[in-house]
Amino acid sequence: YLSLDFEGAKQFGTMGRGKRQAGGYMGYGAIEFHPSLVKDVKTYAWLSAKYLSGDRHHGGEYDNDIGWDPMWARAPCDSELMQYGTLLGLGYWSNILYTRLTLGAEFSPRHRFQMYSGPMWAAERDGHGHTDGGGSSFKGFLTAARYDFPILIAPKNASGLRRFEIFGHVVGELFNPGDYYESHRPSYFIRWEFIVKF
């Protein structure tokens with residue numbers, strides 16, 4: 001079957017003791033397809049696009065800032081690079097138009113594989129690129145894969161210590177920067193995690 005997903009947000013606020021208006025826009029849309037290819041396996045695919053506003057005119061002391069600020073991580077995005085990049089001093093993931101194709105399959109509870117990839121563009125031509133084309137709006141390709149797996153699942157209606165469960169996941173991401181950036185060095189993120197529940 002087919003399904004549609006849409007989301008939008010607007011930020012409001014002030015900066016510099018209320019002298020500057022700060023805000024931004026976020027938009028997201030996706031077309032999801034859930035085909036029945038294999039018995040007892042849920043497969044899905046979706047094509048999505050996300051927009052985070054930019055602000056190419058920002059610069060003056062009292063100039064309003066209309067770029068999207070991802071401080072609150074309010075966006076339908078499961079990218080670890082986007083969520084944690086600012087904490088590591090890597091810069092804000094705003095001024096983005098990102099389209100991607102996602103493919104995935106669920107084999108059983110907590111047992112799933114998903115991957116996605118797509119190009120990323122600057123929503124506003126701000127002229128920050130300096131290599132191989134100057135002010136190019138092409139930010140690059142973001143690709144990711146995640147595998148969730150169970151290690152120990154509690155029996156149905158279990159109680160006491162029989163509720164003990166162990167499950168985990170492995171996730172990896174690769175960002176190949178485009179001509180928008182000065183550096184063409186790829187960024188990557190890898191994490192494995194085990195969770196104990198009882």
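Numbers for residues simply follow the sequence, beginning at 1. Quick caveat, the model's predicted, so the values are computed rather than measured.
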Trainee: Starting at CZ of F6, measure out to CG of L4 and round the result to the nearest 0.5 Å.
Mentor: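 These two atoms lie 5.0 Å from each other.
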Trainee: Distance from F149 atom CZ to H169 atom NE2, nearest 0.5 Å?
Mentor: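 Interatomic distance, F149 CZ to H169 NE2, rounded to 0.5 Å: 8.5 Å.
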Trainee: Determine whether I190 and W192 fall in the same hydrophobic cluster, where Ile, Leu, Val, Met, Phe, Trp and Tyr are linked whenever their side-chain heavy atoms lie under 4.5 Å apart.
Mentor: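 No; tracing contacts between hydrophobic side chains, which count when under 4.5 Å, never links both residues.
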Trainee: Rounded to the nearest 0.5 Å, what separates atom CD1 in I153 from atom NE2 in H111?
Mentor: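 Here the interatomic distance stands at 10.5 Å.
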Trainee: Let's go through V170 and R191 carefully: what are the C-alpha distance in whole Å and the side-chain angles of both, what is the deciding distance for side chain to side chain contact (heavy atoms under 4.5 Å, CB included) to 0.1 Å, and is it a yes or a no?
Mentor: CA-CA 6 Å; V170 178; R191 184 188 69 221; over 6 Å; no
Trainee: Backbone N or O of E124 within a donor-acceptor pair of the N95 side chain at under 3.5 Å?
Mentor: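 Yes; at least one donor-acceptor contact below 3.5 Å.
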Trainee: Tell me, please, which residues at least two apart from F33 pass ring-ring contact (aromatic ring centres under 6.0 Å, His included).
Mentor: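 None.
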Trainee: Should F113 and I151 be counted in the same cluster of Ile, Leu, Val, Met, Phe, Trp and Tyr side chains packed under 4.5 Å apart?
Mentor: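 Yes, F113 connects to I151 through the hydrophobic network.
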Trainee: Heavy atoms only: give me the nearest L52-A123 pair and the separation to one decimal.
Mentor: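 That closest heavy-atom pairing would be O-CB, 3.9 Å.
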Trainee: Answer yes or no: is there a donor N or O on one side and an acceptor on the other, between the side chain of Y44 and the main chain of T102, under 3.5 Å?
Mentor: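 Such a contact is absent between Y44 side chain and T102 backbone.
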Trainee: Taking R163 first and then E165, would you say they form a salt bridge - that is, a charged N and a carboxylate O separated by under 4.0 Å?
Mentor: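 No, no charged N to carboxylate O under 4.0 Å.
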Trainee: Dump the intermediate steps for side chain to side chain contact (heavy atoms under 4.5 Å, CB included) on L47 and R100, then the final yes or no.
Mentor: CA-CA 6 Å; L47 184 63; R100 78 183 199 195; over 6 Å; no
Trainee: Does a side-chain heavy-atom distance below 4.5 Å link F167 with K197?
Mentor: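 Yes - at least one pair of side-chain heavy atoms lies under 4.5 Å apart.
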Trainee: Whether K10 engages the ring of Y25 as a cation-pi pair (distance to the six-membered ring centre under 6.0 angstrom, angle to the ring normal within 45°) should be assessed.
Mentor: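 Yes - K10 lies over the ring of Y25, closer than 6.0 Å to its centre and within 45° of its axis.
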Trainee: Please report the interatomic distance CZ(F141) to OG(S117), rounded to the nearest 0.5 Å.
Mentor: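 Going from CZ on F141 over to OG on S117, the span is 5.5 Å.
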Trainee: Roughly how far apart are W46 CH2 and D5 CG, rounded to 0.5 Å?
Mentor: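 Going from CH2 on W46 over to CG on D5, the span is 9.0 Å.
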Trainee: Is the shortest heavy-atom distance from the side chain of Y147 to the side chain of Q114 under 4.5 Å?
Mentor: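 No; the side chains remain at least 4.5 Å from each other.
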Trainee: Kindly indicate whether a cation-pi arrangement holds for K50 with Y98, taking the cut-offs as under 6.0 Å to the six-membered ring centre and within 45° of the axis.
Mentor: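 No, K50 does not sit over the ring of Y98.
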Trainee: Hey, does R146 have a side-chain heavy atom less than 4.5 Å from the side chain of E173?
Mentor: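 Contact flag for E173/R146 side chains = no.
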Trainee: Determine whether the aromatic ring centres of Y1 and H34 lie less than 6.0 Å apart.
Mentor: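 Yes: the rings meet the under 6.0 Å criterion.
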Trainee: Quick one about S187 and R185 (side-chain donor to acceptor, distance below 3.5 Å, no hydrogens or angles considered), yes or no?
Mentor: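 No, no side-chain donor-acceptor pair sits under 3.5 Å.
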Trainee: In the structure I gave you, are the side-chain heavy atoms of T99 and S48 within less than 4.5 Å of one another anywhere?
Mentor: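 Answer no - side chains too far apart.
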Trainee: Tell me if the CD1 atom of I31 is crowded by more than 12 foreign heavy atoms within 6.0 Å.
Mentor: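 12 or below, so no.
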Trainee: Atom CG in L142, atom CE in M120: separation rounded to 0.5 Å?
Mentor: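 These two atoms lie 5.0 Å from each other.
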Trainee: Check whether F175 and I96 end up in the same hydrophobic cluster, where Ile, Leu, Val, Met, Phe, Trp and Tyr are linked by side-chain heavy atoms less than 4.5 Å apart.
Mentor: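 Cluster IDs for F175 and I96 match.
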Trainee: Going by heavy atoms in the side chains, are L101 and Y116 under 4.5 Å from each other?
Mentor: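 Contact flag for L101/Y116 side chains = no.
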Trainee: Below 4.5 Å, heavy atoms only, C-beta onward: do F189 and V171 meet side chain to side chain?
Mentor: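 In short, these two side chains touch, coming nearer than 4.5 Å.
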Trainee: Taking side chain as C-beta onward, heavy atoms only, is F138 less than 4.5 Å from Y180?
Mentor: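 No, side chains not in contact.
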Trainee: Would you please name every residue forming a ring-ring contact (aromatic ring centres under 6.0 Å, His included) with F12, sequence neighbours left out?
Mentor: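 By the ring-ring contact (aromatic ring centres under 6.0 Å, His included) rule, F12 matches no residue at all.
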